[in-house]
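Each remark here refers to the structure printed beneath this line.
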2 protein chains.
Amino acid sequence: MNTKAETIRNKIVTTADDLFYRQGFNHTSFSDIASAVGISRGNFYYHFKTKDDILAAVIEKRKVGIKQFLNEWDETIPSAKQRLNQYVDMVVSYQDNIVKYGCPIGTVCSELNKLKNIHYNNATEMITLFRDWLIEQFVLLGHGKEKAKHYAMHMLTCTQGISVIGQAFTDPAYIRREAQSLKDWLEKI
Amino acid sequence: MNTKAETIRNKIVTTADDLFYRQGFNHTSFSDIASAVGISRGNFYYHFKTKDDILAAVIEKRKVGIKQFLNEWDETIPSAKQRLNQYVDMVVSYQDNIVKYGCPIGTVCSELNKLKNIHYNNATEMITLFRDWLIEQFVLLGHGKEKAKHYAMHMLTCTQGISVIGQAFTDPAYIRREAQSLKDWLEKI
DNA sequence: GTCTATACGCAGATAGAC
DNA sequence: GTCTATCTGCGTATAGAC
């Protein structure tokens, strides 16, 4: 039972996820989501009581997705160094969206912070997932915990910076170049 | 004549500048600005016709400010290398605001992009001012135009990344550490 | 120039019919 | 479960008195 409701619910979350990314959370209205999903605004409230509830579901969905592909990388990519390169490649393969809408994680964190939204800390945990995974990889490469943490933070710094500047200048070539620099840095440490 | 109106106008722009930074553009209402300035909403429209007009004035003010202190650096700091270090130091000295609200330029560009605001390109020109100045410094250091441009873009990447991650983790120590890394990088190239 | 009053639309949210 | 109708508040913007 509840399969149809679950389906609609999922559709709402997926649509909201997309719209929050492209238009921002605050700028996306219930009507936007409802019409994109193809249901009435009234029906909407059967599935979610408030806009913040949808946001929580979207963040949760993204977290699950992040955990999934990080696990998949752990299982399918043999070495830590290759996995770190895969992290950088992810940015490159996402370049078309980045130049248009920035980083889906960085931009939402920045927005929720300014809105003083209750789910801000929840959102930053998306970054924490990446940070902890990156630290793990550097530890596997033989670095001490402190150094691994600093390296991980540097990786986050560069990928977020790439997203902001790549978007501001709408420049995929820049993204590829800067990503390559980061890979070069990875080789040297 | 018009001095009083000019004063009020400036006060509005200064206040809006601050509120747009701390709360975001979309999330800041006319009432917010009016009450912060200490005038009625009605009076407001004597000075600015639309919210976008205030935004344009805020961006213009910021641009003027950026040009001013870049010029000042050019005139008071003897070497290009020292000026590049000053650019990094600026981020460090701004750390308290960054951990709370992010980069005043990066966050507004990101937001205006998602809002499809007409002044988005105008806002990105704030970054262009820094980019062109940075390129100049690297050229003065003896690098070719292409290389200077890539170095400049890398500086932008790091400072923007520092802002996003510094804000997300509310971590001034991280900002100082990563800024030092960037200075180390400057020494090596 | 600055105010109060007010128009207008849209957003979030609810009630109740089907 | 899904709909239409509706409430309420807020935000932008205007009109007009002082």
Side-chain angles (χ1 to χ4, degrees), chain A residues 1-59 108 111-112 114-120 122-123, chain B residues 1-59 108 111-112 114-120:
Chain A
M1 47 188 297
N2 261 346
T3 42
K4 189 166 183 191
E6 282 297 310
T7 308
I8 292 272
R9 207 193 123 97
N10 285 338
K11 213 169 169 185
I12 289 173
V13 174
T14 304
T15 305
D17 189 358
D18 177 56
L19 289 175
F20 289 171
Y21 175 42
R22 292 192 286 116
Q23 308 183 346
F25 170 71
N26 209 20
H27 193 53
T28 300
S29 67
F30 277 7
S31 300
D32 289 338
I33 304 170
S35 72
V37 172
I39 59 172
S40 69
R41 270 176 305 157
N43 183 6
F44 209 99
Y45 288 88
Y46 173 78
H47 300 279
F48 290 97
K49 294 275 168 279
T50 70
K51 202 178 168 186
D52 280 339
D53 286 348
I54 307 171
L55 176 62
V58 167
I59 293 172
V108 80
E111 181 184 5
L112 296 183
K114 303 215 178 200
L115 298 179
K116 296 191 186 306
N117 186 283
I118 51 164
H119 293 114
Y120 169 63
N122 202 356
Chain B
M1 48 190 294
N2 260 347
T3 41
K4 189 166 183 192
E6 281 297 310
T7 308
I8 292 271
R9 207 193 124 97
N10 285 338
K11 214 169 168 186
I12 290 173
V13 175
T14 305
T15 306
D17 189 357
D18 177 55
L19 290 174
F20 288 172
Y21 175 41
R22 292 192 287 115
Q23 309 183 343
F25 170 70
N26 208 20
H27 193 54
T28 300
S29 68
F30 276 7
S31 300
D32 289 338
I33 304 170
S35 70
V37 171
I39 58 170
S40 70
R41 271 175 305 157
N43 183 7
F44 209 99
Y45 288 88
Y46 173 77
H47 301 278
F48 290 98
K49 295 275 167 280
T50 69
K51 203 177 166 186
D52 280 340
D53 286 348
I54 307 171
L55 176 63
V58 167
I59 294 172
V108 79
E111 182 184 4
L112 296 183
K114 302 215 178 201
L115 299 179
K116 296 190 187 307
N117 184 285
I118 51 162
H119 292 116
Y120 169 63

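Protein chains get the first letters and strands the later ones, always in sequence-line order, with residue 1 at the start of each.
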If you define the side chain from C-beta out and look only at heavy atoms, does anything of A:I33 sit under 4.5 Å from A:F20?
yes
Of all residues at least two apart in sequence or in a different chain, which pass the side-chain contact (heavy atoms from CB on, under 4.5 Å) check with B:N117?
B:F25, B:D52, B:L55, B:L112, B:L115, B:H119
In this structure, which one of A:T7, A:V37, A:D17 forms a side chain to side chain contact (heavy atoms under 4.5 Å, CB included) with A:I12?
A:V37
Test ring pair (Phe, Tyr, Trp, His ring centres under 6.0 Å) applied to B:F30 and B:Y45, step by step:
CA-CA 10 Å; B:F30 276 7; B:Y45 288 88; 5.0 Å; yes
At under 4.0 Å between heavy atoms, how does the protein contact nucleotides 2-18 of chain D? Give one character per nucleotide, 5' to 3', with B, S or -.
BBB------SBBB----
Just the rounded figure in Å: distance from P of C:dG1 to CZ of B:F48.
15 Å
In short, B:F48 meets B:A57 closest at the heavy-atom pair CE2-CB, 3.8 Å
A:I33 CD1 to C:dA11 P: how many Å, rounded?
11 Å
